[in-house]
Number of protein chains: 2
Amino acid sequence: MIKCLLVEDQTLVRLGLANLLNLDSAINIEAQAEDGLQALTLLAEHSFDIALLDMRMPNLDGLGVLQKMREKGDKTPVLIITTFEDCDVLVKALNLGARGYVLKNIELEELISAIKQVVAGERVLQSAVTDFLLKKELSPQLCLTDKEQTVLQCLSLGMPNKMIAKKLDNSEGTIRNHVSQILAKLDVKDRTQAVIKAINQNLI
Amino acid sequence: MIKCLLVEDQTLVRLGLANLLNLDSAINIEAQAEDGLQALTLLAEHSFDIALLDMRMPNLDGLGVLQKMREKGDKTPVLIITTFEDCDVLVKALNLGARGYVLKNIELEELISAIKQVVAGERVLQSAVTDFLLKKELSPQLCLTDKEQTVLQCLSLGMPNKMIAKKLDNSEGTIRNHVSQILAKLDVKDRTQAVIKAINQNLI
DNA sequence: CCCGAGCTATGACAGATGTCACTGTTTTTA
DNA sequence: TAAAAACAGTGACATCTGTCATAGCTCGGG
């Protein structure tokens with residue numbers, strides 16, 4: 001019997017998923033959390049064979065939970081279950097030791113088999129995900145640097161160059177250069193398009 | 001026994017929700033659709049006491065389904081179940097005759113009671129939703145005109161003024177005026193912020 | 001019939017934005 | 001260690017953006 005922790009903020013989805021998974025005789029959802037903090041508490045108090053983690057949550061998101069788990073030396077295998085085809089988040093999650101990453105539109109049987117594979121020590125990545133990794137591998141120069149990430153985040157909050165410069169304690173010219181670089185890497189023509197792309201691809 | 005049609009694109013969520021709702025002795029999910037087109041087909045072939053509609057879907061979204069239903073004179077009561085606190089979409093859905101609008105983070109018991117209320121002919125709006133309606137009512141001058149809507153859509157595609165002007169067959173100056181007007185109504189300082197707001201509040 | 005609202009347009013203006021070229025410093029890495 | 005990135009900065013430049021004042025047109029409601 002596989003002991004699972006299910007972490008998902010939307011009550012309906014969480015309860016529904018728990019029900020579905022419990023129908024499988026090999027799987028048992030032993031605990032549920034509706035945000036990252038609850039998840040950490042449960043992980044500290046009990047031991048699970050696997051943790052099913054949603055990415056977007058209030059208080060502490062999936063990445064945050066992974067981070068804290070690693071800091072504490074918690075080795076519970078983690079399977080990320082998320083809505084969006086992501087990019088950076090995927091890479092970050094894998095770097096933080098996530099053992100699998102699947103999208104919510106996965107079929108039930110696939111999810112169950114993914115859970116069993118992760119518990120068996122395998123890595124599970126959907127093809128949509130590996131495709132992305134390949135693309136990324138083939139064009140590493142398109143990756144944003146840390147600073148560019150930061151600036152992009154500011155852009156996504158609608159900040160003008162001047163304000164970004166003040167916030168990051170740089171000259172406006174420097175910010176302009178960073179923005180220019182971001183536009184080139186994202187292959188767009190202006191900040192608005194950059195923000196749209198960032199939001200769509202969840203680069204932020 | 002309440003005959004339900006459940007429309008939701010994410011397999012996991014759909015199956016999970018169907019399971020949960022079927023646990024209630026008064027509710028029976030008789031059919032499921034994973035996009036708007038399937039939903040329309042099922043609605044045409046069978047009769048249901050209520051349709052539970054997700055908003056964001058491939059092919060044809062919730063609003064599209066509502067629209068088509070109204071065109072066909074289909075009077076099946078509709079309860080919208082969506083992830084995001086919305087704005088325009090909410091108003092549009094209600095205008096298209098949706099009988100209820102609830103967020104996905106609702107508790108299961110509340111959802112079940114909402115379903116029963118809608119079937120009983122009542123209207124169901126969560127307080128978050130009614131709050132918004134009130135706010136909207138108090139500031140009607142903030143509504144975008146049709147043209148402004150169109151321009152905002154173009155903005156959300158990342159188009160510069162010149163391109164919008166060409167596409168809508170206007171002078172660039174006219175577009176600038178419209179944009180200016182949009183910024184004032186949305187209470188933001190530039191097009192980027194406008195797009196961010198539009199995406200977040202789903203004004204597009 | 002007239003008023004207001006929506007749409008169109010123009011010109012002028014200030015400021016924001018993005019590009020380029022060039023110069024450094026620091027940190028990473030091969 | 002030496003080369004390569006990342007980071008910070010400047011100045012100049014063309015263009016885009018947003019604001020304002022002003023004005024003409026059309027259409028529907030009072």
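The sequence lines fix the lettering, A, B, ..., with proteins before strands; numbering per chain opens at 1. All figures in this text were calculated on a predicted structure; none of them were measured in a lab.
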Distance in angstrom units between A:Leu168 CG and D:dA6 P, rounded: 18 Å
Check: B:Arg70 side chain, B:Asp74 main-chain N or O, donor-acceptor pair, under 3.5 Å: yes
Distance, rounded to the nearest Å, where A:Leu183 contributes CG and D:dT15 contributes P: 18 Å
Nucleotide D:dT17, atom P - distance to NZ of B:Lys162 in whole Å: 9 Å
Rounded distance in Å - CD (A:Gln193) to C1' (D:dT17): 14 Å
Short side-chain donor-acceptor distance under 3.5 Å, A:Ser113 and A:Gln117: yes
Interatomic distance, B:Arg191 CZ vs D:dT19 P [rounded to whole Å]: 11 Å
Contact under 4.0 Å: B:His178 side-chain N or O vs C:dG6 OP1/OP2: no
A:Asn177, nearest nucleotide to its side chain (from C:dT17, D:dT17, C:dC20): C:dC20
Residue whose closest nucleotide on DNA chain C lies nearer the 5' end, B:Asp146 versus A:Gly173: B:Asp146
Nucleotide of D:dT19, D:dG9, D:dT17 approaching B:Glu172 most closely (side-chain heavy atoms): D:dT17
Euclidean distance, atom CD1 of residue A:Ile175 to atom C1' of D:dC7 [Å, nearest integer]: 11 Å
Euclidean distance, atom CD of residue B:Gln181 to atom P of C:dT8 [Å, nearest integer]: 13 Å
Residue-phosphate contact under 4.0 Å: B:Thr145 side-chain N/O, C:dC7 OP1/OP2: yes
B:Arg176 vs D:dT19: side-chain N/O to OP1/OP2 distance below 4.0 Å: no
Salt bridge B:Glu8-B:Lys104, side-chain N to carboxylate O under 4.0 Å: yes
Residue-phosphate contact under 4.0 Å: A:Lys189 side-chain N/O, D:dC16 OP1/OP2: no
Under-4.0 Å side-chain N/O to phosphate OP1/OP2 contact, B:Ser171 with C:dT8: no
Closest-nucleotide ordering on DNA chain C, the 5'-leading residue of A:Pro160 and B:Asp169: B:Asp169
Closest to the A:Lys147 side chain, choosing from C:dG18, D:dA8, D:dT17: D:dA8
Donor-acceptor pair, side chain of A:Arg191 and main chain of A:Met159, under 3.5 angstrom: yes
Salt bridge A:Lys116-A:Asp24, side-chain N to carboxylate O under 4.0 Å: yes
Short side-chain N/O contact to C:dT17 OP1/OP2 from A:Asn161, under 4.0 Å: yes
Interatomic distance, B:Lys185 NZ vs D:dG18 C1' [rounded to whole Å]: 17 Å
